[in-house]
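Encoded as structure tokens, the structure appears first; notes follow it.
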Amino acid sequence: MYVIMLGAPGAGKGTQADILSQEMELPHIASGDLFRRALEERTEVGLLAKKYMDKGELVPDGVTVKMIVERINQSNCAPGCIFDGFPRTLQQAKVLDEALGKEGKNIDRAIYIQVPNEELVKRLSGRWLCRRCQTPYHMVNSPPRAPGKCDKCGGELYQRSDDKEETVKDRISVFFNQTVPILDYYQEQGKLVRVNGNQGMQGVAEEIISALKAGIK
Ligand code: AMP
């Protein structure tokens, strides 16, 4: 099963993709994480992506699609995967369909996690992540037990450089300008599921899992 998580930055796509990935035993493919890893490794793709990520802009489609297609051609994606942060443009969505179509596969569901804008800014500007396992914390709503340390693995917590308030606002407007059009694309194909992301993590997960079990709402 191939599932896409859609939502503005801060909507909880990563958290929900992780839950689904465990529930369905499918890999979680996060384009932002792939770019951040490429940057840590100082690859050509990583250094190019940095220029866009720092400004909250999208990395060009050609680079992004190539990276994702290489990833989904790895054998552990053969039974399916959960996409998080990809596709983000209509062009990416179409190329993804073509790439899967060549293998006789297709996207099964696109899940749109809806969260009001003010809540997105609040969530992102207080967000800290574990460098090792990527578990997210919020300095006000869900702080770690020990300052700066991950409760789960003891890893160091850090704030993403693009989670500063100014960049956050740019990333949210990029979402509304460039990513929202793909909601119609999946809606027309009868694959879109809308869930309320303005509730606790468990509530969102339950909505997603029951929608996937029941079919389209
Ligand atoms: P994320 O971790 O999903 O918030 O992504 C962080 C940044 O990586 C974005 O602001 C973009 O600069 C870049 N990025 C991630 N996914 C994509 C994508 N599908 N298309 C273009 N740029 C992306």
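Predicted model only: the values in this text are computed from it and were never measured.
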Main chain of Cys153, side chain of Arg132: is a donor-acceptor contact present, judged purely on distance under 3.5 Å?
yes
Is it true that a side-chain atom of His138 and a backbone atom of Lys122 form a donor plus acceptor pair closer than 3.5 Å?
yes
Salt-bridge contact Glu98-Lys94 (side-chain N to carboxylate O under 4.0 Å)
no
Are Arg123 and Glu119 close enough for a salt bridge, meaning some N to O gap below 4.0 Å?
yes
Hey, are Glu70 and Lys66 close enough for a salt bridge, meaning a charged N less than 4.0 Å from a carboxylate O?
yes
Is the closest side-chain donor-acceptor distance between Asp97 and Tyr185 under 3.5 Å?
yes
Flag for Arg127-Asn141: side-chain donor and acceptor within less than 3.5 Å
no
Among Leu100, Leu26, Asn106, find the residue that satisfies the side chain to side chain contact (heavy atoms under 4.5 Å, CB included) test when tested with Tyr2.
Leu100
Check for a donor-acceptor pair, side chain of Tyr137 on one end and backbone N or O of Arg145 on the other, with a separation under 3.5 Å.
no
N-O pairing of Lys55 and Asp170 below 4.0 Å:
no
Looking only at the side chains, is there a donor atom on one of Asp61 and Gln91 sitting less than 3.5 Å from an acceptor on the other?
no
Give a yes/no verdict on a cation-pi contact between Arg131 and Tyr158, requiring under 6.0 Å between NZ or CZ and the six-membered ring centre and an angle within 45° of the axis.
yes
